[in-house]
Amino acid sequence: MASEGSTTKIFPSSHKTVVILDHSPFMAEACGQTVDFDILPKQSRAAPGIIPLAPLSKSLWTCTVEAASEYARVVYDVYPPRSREKLLKFVITDTEARSLNSWLEEEQSLSNILQGLAVVGPPSDSDDADNCSVMHGLATAVESLCEGSESQLEHKATLADPEEPIVNKGRVVCITTVKSQGHIQMLEECMQEAIVQHNKIAEAADKLPITHCELVLIHTVPVGADNNIVDQPNKEVSPVLSCEVHSVHSGRHIAAKLALLVQKHFHLTSTTITGIPMKEEQNASTSANYDVEILHSKDAHIEILKMGSTSQGYDSSGFACSKDSFGRETVILKWCTPKTNIVELQYCTGAYRITPADVNSRPSSCLTNFLLNGRAVMLEQPRKSGSKVISHMLASHGGEIFLHCLGTGRSPLEDPPSISEGSGGRVTDYRITDYGDFMKEHRLMPFPVPQDGHNLPMEEATAVLERTTRYWPMVISDTIIFNMASHIDPLPTLITKPALTDDELLECKKAIYHLVGMESRSEPLPVPAMGTRGKGPKRDEQYRQMWAELDTLLRAHASSSLNHEKVLECLQEIRRPAEESKETSRKASKKEEVSVKEERVVTEQSTAELAWQEIQRYKAMSERERSDFERGNTNNDHFRHRQQTEVSSPPIKKLKTSLEDTQGKQQGGPPSLLAIWTSRIKSKYASRHCEFAGRLTAEGNKAELYVNLQKDSTNGTSDKPSGVKQEKRGP
């Protein structure tokens, strides 16, 4: 089985690929996509006497051959035939099947395949369509897969056991036109039967039986024609055969489909180089920026693919990418012109051959010639934020162009990094001493082969390492319990054991009770000063963090044994009353805050209502009452009469004897606008007021009017005219 696994890795399904082209009369039909063959501009075509040429239409066979040739060109450019990694074999089928090449290295070239296609020629309408079948090609493809390649035969010769089987996988790409879904099932059955029969023959004829074969059926029809065949994903027909169906129109659609399949079949990906400065062909004095798409191994972007899959515009890591209408994704890299040309001094982590996606375009040819002349191009990642990162380089070696992956991180050729320059930034409080003790405790020593029934020491060491690292903070400032070993020992050491005895369970509980006693005595915790700014957390907060960290540690090991779970239950029972009391006090304080807020709101509302009523009362006063109110005299008959006839005020106003008592005073809240205004007016008039002389000499601050008149009336000699009533008047 070990040999099978290694052989599978050396010879995957993409090692041998058979491409079957249907050469039946149906492929001679027009593809439905026209090509404008007239090279004259539109202005010249409209001139009198010029007859424009009619547009041309390629046949289905021409579009199929162009797409298949491009498929082969990409494979041979990225994986040269001399590497003998990826091999192609073309088979033409009509009334019979014909192979255009073999698995030999000298026949693995695009020129050899094109010469064979030229000899075959286009399909003819005179051929017998009834005798043309793609099944001939499928049978020939199965027979070809049973033939071993040069690499497979060399590997078989190196095996110690000649009878040891070799995993022989392959892929068959068949471009044809199927009639219905039943026709597809018939082709699958034909392929399955051919594999079974040829495997029996291969065992007797010293060939390689087929371990597994992938059948890729591509159904093509003219552009605009009805297409009743739907795509089918890869499905397992049998243990030795899987099949997938692609339905596509001819013309540019089948070319795009094969360009997408070649990336899928041979582990390729697309990269678009943007911002390439090129001079205009018509005007050499001006330049424009162009884009060139290249294909290469997907391993060149392994770092980008690790960070996130591509989506619209940018991927999850911030790298630019795009997707065309055919579903092909491409990673965007920007042309970068460095100040120095140091090709040989770049720290490179990998180099992969490339090939242009459109080899005949002018930008592709210009970029290819530029690189083949010994120049190098640096490529940077256009990111949404942050500084630019030069991640790739294009350069040629031996007449072939390679995409070099540059290390964006620290190079191993540099000095070793400081421990303070790790992934967490400039962290300086790592548990270096504890980590050294940790390594000493988990050292591996030579051990003889264990007897039957005993576990390997490596397995036991792995289990111990797993239990110990379930919770192991790396920074001193991230832990409290590991900084107070003298108070909590031996709990951290015992809790990592696979099982706890009753005595060890008692020791763990004693450590927990000791921490409870420290909290009740309000003893400070040994919290390190490193990594903290200012005074640090308060003592209650430190104990809260300590209990939370201890709970995390015990929960990580609670599933080890029953006694481990009892340790966690002991902690939870101890902390439950404290948590309940805290919760009760928290609810009480919350309720008190709510009641205080409600009282404050009621007080503010009553104060505002009182202020509004006082303003309304002032507006309803007469001129006489306003003058009395401003002077501070609220004892006259008019003011007293108005107070008695007003609507009874709220209970809170019964405490006020007069308006004079409320002016300038604060009743459970901020002073009202009326109180501020009346206080200002009162102080202003008090400075100008001169008290009435009679009132100053009178008793009780009240002056009697018409004193002499009253005396005369008492003596019987009144000079007051009749009808005049005596009345009190103010000053």
Practice task
Using modelled atom types only, decide if a donor and an acceptor are shared between the side chain of Thr552 and the backbone of Ala548 within a distance under 3.5 Å.
Solution key: yes
Handout entry: Residue of the set His15, Lys16, His212 for which side chain to side chain donor-acceptor pair (under 3.5 Å) holds with Asn168
Key = Lys16
Exercise for the section: Check side-chain hydrogen bond (donor to acceptor under 3.5 Å, both in side chains) between Asp299 and all other residues, then give those that pass, not counting sequence neighbours. Expected result: His267
Fill in the blank from the handout: Rounded to the nearest 0.5 Å, the CE atom of Met474 sits from the CD1 atom of Ile432 at a distance of 10.0 Å
Fill in the blank from the handout: SG of Cys508 to CG of Leu571, rounded to nearest 0.5 Å, is 11.5 Å
Exercise for the section: Give, for atom CG of Leu333 and atom CD1 of Ile390, the distance between the pair rounded to the nearest 0.5 Å. Expected result: 11.5 Å
Handout entry: Closest non-hydrogen atom pair between Ser83 and Tyr79, with its separation
Key = OG-C, 4.0 Å
Handout entry: Side-chain (Asn234) to main-chain (Ser242) donor-acceptor, under 3.5 angstrom
Key = no
Exercise for the section: Kindly compute the distance separating OG1 (Thr17) from CD (Glu214), expressed to the nearest 0.5 Å. Expected result: 9.0 Å
Problem - Sub-4.5 Å side-chain heavy-atom contact between Asp551 and Leu568 - result: yes
Practice task
State whether the side chain of Thr272 and the backbone N or O of Thr330 hold a donor-acceptor pair below 3.5 Å, judged by distance alone.
Solution key: no
Practice task
In sequence, state the C-alpha distance, the side-chain angles, and the governing distance for Leu505 and Lys509, and then conclude on side-chain contact (heavy atoms from CB on, under 4.5 Å).
Solution key: CA-CA 6 Å; Leu505 174 61; Lys509 290 184 177 180; 4.0 Å; yes
Problem - Backbone N/O of Lys169 and side chain of Thr211: donor-acceptor pair under 3.5 Å - result: no
Handout entry: Ser14 and His265, any side-chain heavy atoms less than 4.5 Å apart
Key = no
Practice task
Heavy atoms only: give me the nearest Ala376-Ala395 pair and the separation to one decimal.
Solution key: CB-CB, 4.3 Å
Problem - Residue pair Ser270 / Gln263, side-chain donor-acceptor N/O under 3.5 Å - result: no
Problem - Shortest non-hydrogen contact from His246 toward Leu261 - result: NE2-CD2, 3.8 Å
Practice task
Give a yes or no answer on whether the side chain of Arg171 reaches the backbone of Val216 with a donor-acceptor pair at less than 3.5 Å.
Solution key: no
Practice task
Hey, can you tell me if His392 and His301 have their rings parallel, tilted or perpendicular (30° and 60° cut-offs)?
Solution key: perpendicular
Practice task
Evaluate the side-chain proximity of His442 to Thr468: yes if any heavy-atom separation is below 4.5 Å, no if none is.
Solution key: yes
Practice task
Indicate yes or no: at least one non-hydrogen side-chain atom of Phe370 is less than 4.5 angstrom from one of Val377.
Solution key: yes
Exercise for the section: Tell me, please, which residues at least two apart from His514 pass ring-ring contact (aromatic ring centres under 6.0 Å, His included). Expected result: His487
Exercise for the section: Using a strict cut-off of less than 4.0 Å between a Lys/Arg side-chain nitrogen and an Asp/Glu carboxylate oxygen, indicate whether Arg544 and Glu541 qualify as a salt bridge. Expected result: yes
Fill in the blank from the handout: Distance col, row Phe11:CZ vs Glu85:CD, nearest 0.5 angstrom, shows 10.5 Å
Handout entry: Shortest non-hydrogen separation from Tyr513 to Ile574 and the atoms involved
Key = CE2-CD1, 3.1 Å
Handout entry: Where Leu494 and Leu500 come nearest, the two heavy atoms and their spacing
Key = O-CD2, 3.1 Å
Handout entry: Heavy atoms of other groups near Arg521 CZ, more than 12 under 6.0 Å
Key = yes
Handout entry: Nearest non-hydrogen partners of Gln542 and Ile480, listed with the distance
Key = O-CD1, 3.8 Å
Problem - Mutual orientation of the aromatic rings belonging to Trp472 and Phe438 [parallel < 30°, tilted 30-60°, perpendicular > 60°] - result: tilted
Exercise for the section: Kindly indicate whether the side chain of His296, heavy atoms from C-beta on, has any atom under 4.5 Å from the side chain of Thr269. Expected result: yes
Handout entry: Met393 side chain near Met378 side chain, heavy-atom distance below 4.5 Å
Key = yes
Handout entry: Any residue meeting side-chain hydrogen bond (donor to acceptor under 3.5 Å, both in side chains) with Thr493, in chain and number order, not counting sequence neighbours
Key = none
Problem - Any donor-acceptor N/O pair, Arg84 side chain to Ser151 backbone, under 3.5 Å - result: no
Practice task
Take the angle between the ring planes of His397 and Phe402 and call it parallel below 30°, perpendicular above 60°, tilted in between.
Solution key: tilted
Handout entry: Leu550 CG to Tyr471 OH distance, which is reported to the nearest 0.5 Å
Key = 9.5 Å
Problem - Flag side-chain contact, heavy atom, 4.5 Å: Leu515 against Ile488 - result: yes
Handout entry: Stepwise side-chain contact (heavy atoms from CB on, under 4.5 Å) test for Asp77 and Leu295
Key = CA-CA 10 Å; Asp77 284 352; Leu295 301 177; over 6 Å; no
Practice task
Please step through side-chain contact (heavy atoms from CB on, under 4.5 Å) for the pair Leu554 and Leu491, ending with a clear verdict.
Solution key: CA-CA 10 Å; Leu554 298 183; Leu491 190 147; 4.0 Å; yes
Practice task
Let me see the working for Tyr543 and Glu523 under side-chain contact (heavy atoms from CB on, under 4.5 Å), right down to the final yes or no.
Solution key: CA-CA 10 Å; Tyr543 273 98; Glu523 295 183 7; 4.1 Å; yes
Handout entry: Student check: side-chain heavy atoms of Met546 and Glu519 closer than 4.5 Å
Key = no
